[in-house]
Amino acid sequence: MKLRVKYTKTGALRFIGHLDVMRFFQKAIRRAKLDIAYTKGFSPHQIISFAAPMPLGMTSEGEYFDAEFVSFTTAEDMKMRLNAVMPPEIQVISIVKLPDDAKPSMALVTATDYIVTVPFAVSDAIKELLQKPEICVTKKTKSSEATVDIKPMIFELALYDPSVHGSNVVGVTEAVYMKLASGSSRNLKPELVIGALADTAGITLELYSCRIHRLETYLGEEDALRPMYETGEDF
Amino acid sequence: MSIQALPDRVLMEIEKPARYIGHEVNIISKDPSKVDVRIAMCFPDVYEIGMSYLGIQILYDLFNRREDTYCERVYSPWPDLDRRMRDEHIPLFTLETQTPVADHDWLAITIQYEMCYTNILQILDLSGIPFYAKDRGDEDTIVIGGGPCTVNPEPVADFFDIFYIGEGEVSYDRLIELYKAHKAKGFSRSAFLREASRIPGIYVPSLYEVTYHGDGTIEAIRPKYDDVPATIQRQVVTDFAAAPYPMKPVIPYIRATQDRIVLEIMRGCIRGCRFCQAGMIYRPTRQKDVDMLKTYARQMIDNTGYEEISLSSLSSSDYESLDELLQYLISLRDTDHVNVSLPSLRVDAFSLDVMSKVQDIRKSSLTFASEAGSQRLRDVINKGISEEQIMKGCEQAFSGGWDKVKLYFMMGLPTENDEDLLEIPALAEKISELFFDTVPKEKRNGRVMITSSSSYFVPKPFTPFQWAPMIHPTEYTRRAHLVKDTFNQQRNRKSLKFIYHDAEISYLEGVLARGDRRLSSVIMTAYKKGAIFDAWTEFFKEERYTEAFAECCVDPAFYTERERPDDEVFPWEHIGVGVRREFLLSEWKKAQEGVVTENCRSRCSACGAACYGGGVCFEAKS
């Protein structure tokens, strides 16, 4: 039976890399004594796959993995058992049961949204940026540089408002909410949007002066985005 | 938001920031303001190495069981962070509370190998603690050293207030109680150290005076006061049932060198190899109860979630309940998906049977610590393994499907000659021929590979070879080339590989291993020239030391290349490890005659370790 687990990654653990988070959960599931399924063969490993790897330094309350279980109890019980053996910085938010024919989540992610705290007044820059017909930025890869129009990959961009966008990022003077294309076909990093906002405002940003917090990971087309947990059902 | 010693911009720009953030699973959280003693426990090397070391986990657990004590961990910042901390004046901090090391009562440093000595200075420097014990005042952190190098701590003696000689389980409670009492009545560093020196195993180097002869050898090491003991006796655990074991080890997020449960089954070794320091200083051999170990294994699997468990000892095959323990651990494979890894196992029918159950034969290799190429030289070093045993083990292994063999050797052993060395490639060649004789063509999957690797022999204190000279690096290189060239002439050379260690680091290790207090200035000078992480070939620079020796007027050859006379007073003469000097000297004589000594179980050689009143010395009687 396949389950989808939504979890947080916060605080100091934002400096733990994606592969290490995977290894962490492999051990945590064993400590919690959950009946996860293993592959056959000489060196069996857990049947588990993680969605949307997150870069170092970012926090999140919308991370996911899917895992195959031989048997299971209730979502509440499993969540409790996992959370009891994990640090407060990584905690399970919810667990849902996936339909038997559910495809691997990794390939299906289309969007993610973020709250980014910034060290400058950003409200005017947002308005100005949204009015532009195209937003051209330089995208660097390991081997080349290219100018790309990122506007089609920005699904939403607004001044952060806790009553609208949820979560509760405290002690924030200025923060931006953004929902961006994410996944294997097209992918936009929040840093590029922040860079464009700073340019618009005429500000030179110091490195690492923004805090990026991921809220949710989505599946589906741009006009019908659904949070990943909606694919499954409660149990 | 939790406290973080390093700002984001630093963490984002250094390698593996997870080394420095703490928050691991199973760490201990306490309120530092509610304890009497704060201890910063340090392994002076990079996090992944330090986190793999069982000793720190044992002490961390031991100290934190006490309500009045909070023990936190600290490791050496990698050179990238080292530079940032110096540039930005960030003091070295502990992982748990991310607070400065200098705010702790004690800084306890485990000294595992000589090449970490400059990292000790790095730790003191970044912590802002004065380098020299004599420059520290009542307010400064007490610096304590422990671990195997403390059987001869003299080269770093000036940097430490205290050395704890021996196994931590025995005397640390007394030291904490004494410290608390002194703190309560208004702390005086000198009064505390003076009284501490009377606790068994506690060595306060500033309370001893060393005098030298005109030729540079030591005349005597004497306590400065009558109430300070003349000999510091290494402490050992004799009752493991009463000793704590870390059942909830701290689990790193990043992959450590030892990324598995470590189950210590035994301390000490019955074999008595004459080059091996561990085999002498950890005597007597003491086994842990098999039922207790089964319980430990079960609980540690539950507490960690690790998928692998490794047995730890110097020679697992000599653990008498090994069969029973392995049967149990193998049974956990099916129920708990736990794999067993088996280092330091003798290759025989039994171990091959076990290994075929727990390892993928095609991926794994068999290891023989032959140590010397010829039987003559193996008798000199008392390495109780014969060519017949190696060939028999290989034959069984090849029949069982293995096709990779590793052989370990040392070059520069006492009495070694070119004939002995030429036996190294000859043995490898014989093993490869055995493969072709044993395994029919249709059953060979790819090429057989015999890898021989050789290190540069370093004589160590408290071994029969403590009197022996170390060969000069030029001579070592000549011998290595001779062996390498001979390998290239073998018929099956394509199945043979020969690798050998660099000469420079081992030679320096030889100087430091049997060094005395006059070396502290050399270590300090090399550090000031930028030496840190000397155990890492990518950071080690020989010229720092060459210059340091010259500037300090110290001749390294005095420490390495001299054969010591029988009655020379050693820098470690005031340390007692159970094994007596007379025994070691008779072993040195027997070595030169090529006479072997039986292991502790077949016949007691009255080495002196029976003074501890436990272990193998009393096995027959109990």
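No experiment lies behind these values; they were computed from the predicted model shown. We name chains A, B, ... by the order of the sequence lines, and we start the count at 1 in each one.
- For a residue to count as touching a neighbouring chain, one of its non-hydrogen atoms must lie under 4.5 Å from one of that chain's; by this rule B:Ile27 does not touch chain A.
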(request) Test side-chain contact (heavy atoms from CB on, under 4.5 Å) on B:Glu13 and A:Leu207 and set out the steps. (result) CA-CA 10 Å; B:Glu13 285 173 355; A:Leu207 273 174; 3.7 Å; yes
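- Counting heavy-atom neighbours within 6.0 Å of B:Lys406 NZ, excluding the residue itself, gives a total of 12 or less.
- Counting heavy-atom neighbours within 6.0 Å of A:Asp100 CG, excluding the residue itself, gives a total of 12 or less.
- Under the 30°/60° scheme for interplanar angles, the aromatic rings of A:Phe24 and B:Tyr253 are found to be tilted.
- More than 12 heavy atoms of other residues, nucleotides or ligands lie within 6.0 Å of NZ in A:Lys27, so this atom counts as buried by the packing criterion.
- Of the candidates B:Leu11, B:Ile254, B:Ile14, A:Phe15 forms a side chain to side chain contact (heavy atoms under 4.5 Å, CB included) with just one, namely B:Leu11.
- The two atoms that bring B:Ile21 and A:Ala12 nearest to each other are CD1-O, 3.2 Å, heavy atoms only.
- When every heavy atom of A:Leu56 is checked against every heavy atom of B:Met12, the shortest pair comes out as O-CE, 3.4 Å.
- Here the straight-line distance linking atom CD of A:Gln46 with atom NE2 of B:His337 works out to 9.0 Å at 0.5 Å rounding.
- Put simply, the side chain of B:His23 does not reach to within 4.5 Å of the side chain of A:Pro87, judged on heavy atoms.
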(request) For salt bridge (Lys or Arg N to Asp or Glu O under 4.0 Å), just list the numbers for B:Asp8 and A:Arg211, CA-CA rounded to whole Å, side-chain angles, deciding distance to a tenth of an Å, and then say yes or no. (result) CA-CA 10 Å; B:Asp8 275 30; A:Arg211 276 281 170 88; 3.2 Å; yes
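- Inspection of non-hydrogen atoms places B:Arg298, B:Ile301, B:Asp302, B:Asn303, B:Thr304, B:Gly305, B:Tyr306, B:Glu307 of residues 292-310 of chain B under 4.5 Å from chain A.
- Looking at A:Arg31 and B:Asn26, their side chains never come closer than 4.5 Å, going by heavy atoms from C-beta outward.
- In this structure a side-chain-to-backbone donor-acceptor pair under 3.5 Å is missing from B:Arg9 to A:Glu206.
- Residues B:Arg255 and A:Asp20 are not paired through a salt bridge, judged by the lack of any N-O separation under 4.0 Å between the basic side chain and the carboxylate.
- Contact annotation: the side chain of B:Val25 never approaches that of A:Val85 to less than 4.5 Å [non-hydrogen atoms, C-beta and beyond].
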